[in-house]
Amino acid sequence: MKPDAPAEPRNFFQDVHEVVRLVPPGRVTSYGAIAHYLGARHGARTVGYAMMAAHTADQYVPAHRVLNRLGHLTGRLHYATPFAMQEALEAEGIRVEEDRVVDFAKLFWDPSVELA
DNA sequence: AACCTGACATGAT
DNA sequence: TATCATGCCAGGT
């Protein structure tokens, strides 16, 4: 049982932001991968919400490295300009075509594997 | 203070 | 094989 809650109410968003910050430049990951790493199979959606709230995080969160499972830049419309996300990725040597990351499978960085 | 919305993914019909 | 409905969390109005 759990008479009292954990000392640290570690918010899901906090965890998500932390994991995203661990994604190395030139690499990308997906909402689902992060959710799975955090133990929430159906929490992918929440991960997306976390990204939207990423700008409220204390530290910078490279949200441009997080895509949906198809490698699409789903969050690009949330940036200052619709191209900011793509430009940020290309600046790291990642090729983007038609709002989709080329060689997504190769560049994919799975936290449950890399941080195992 | 309550309700609504919002960067996804999976399983079942 | 494609579509529908469900699961998850926090912030803003």
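The chains referred to below are lettered A, B, ... by the order of the sequence lines, with proteins before strands, and numbering in each begins at 1.
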> Just how far is it from atom CH2 of Trp109(A) to atom CD1 of Ile34(A), taken to the nearest 0.5 Å?
Replying inline: 8.5 Å
>> Would Leu73(A) and Arg100(A) count as a side chain to side chain contact (heavy atoms under 4.5 Å, CB included) here? Give the steps.
In response: CA-CA 6 Å; Leu73(A) 282 57; Arg100(A) 188 184 60 169; 5.6 Å; no
> Any side-chain heavy atom of Pro111(A) within less than 4.5 Å of one from Leu22(A)?
Replying inline: no
> Rounded to the Å, how far apart are Arg69(A) CZ and dT10(B) C1'?
Replying inline: 9 Å
> Nearest-Å distance, NE2 (His55(A)) to C1' (dG6(B))?
Replying inline: 12 Å
> Atom CG of Leu38(A) and atom P of dC8(B): how far apart are they, to the nearest Å?
Replying inline: 17 Å
>> Can you measure Leu77(A) atom CG to dC8(B) atom P for me and round it to whole angstrom units?
In response: 11 Å
>> Contact list please: residues 106-116 of chain A against DNA chain B, heavy atoms, distance less than 4.0 Å, in numerical order.
In response: none
>> To the closest 0.5 Å, what do you measure between CG (Asn11(A)) and NE2 (His17(A))?
In response: 10.0 Å
>> Measuring from atom CZ of Phe13(A) to atom CE of Met52(A), what distance do you get when rounded to the nearest 0.5 angstrom?
In response: 8.5 Å
> When rounded to the nearest 0.5 angstrom, what distance separates OG in Ser30(A) from NE2 in His72(A)?
Replying inline: 13.0 Å
> Any salt bridge (charged side-chain N to carboxylate O under 4.0 Å, His left out) pairs touching residues 80-96 of chain A, not counting sequence neighbours?
Replying inline: Arg65(A)-Glu92(A), Arg95(A)-Glu97(A)
> Could you write nucleotides 4-9 of chain C as a row of B, S and -, 5' to 3', where a protein heavy atom under 4.0 Å of any base atom gives B, of only sugar-phosphate atoms gives S, and otherwise -?
Replying inline: ---BBB
> NE2 of His78(A) versus C1' of dG11(C): gap in Å, rounded?
Replying inline: 14 Å
> Are side-chain heavy atoms of Val19(A) and Leu38(A) found at a separation under 4.5 Å?
Replying inline: yes
> Judged by modelled atom types alone, do Thr74(A) and Tyr31(A) share a side-chain donor-acceptor pair under 3.5 Å?
Replying inline: yes
> Expressed as a whole number of Å, how far does the C1' atom of dA9(B) sit from that of dG11(C)?
Replying inline: 22 Å
>> Mind checking if Ala50(A) touches a base, just sugar-phosphate, or nothing, with heavy atoms under 4.0 Å?
In response: nothing
> Starting at NE2 of His72(A) and ending at P of dA9(B), how long is that distance when rounded to a whole Å?
Replying inline: 11 Å
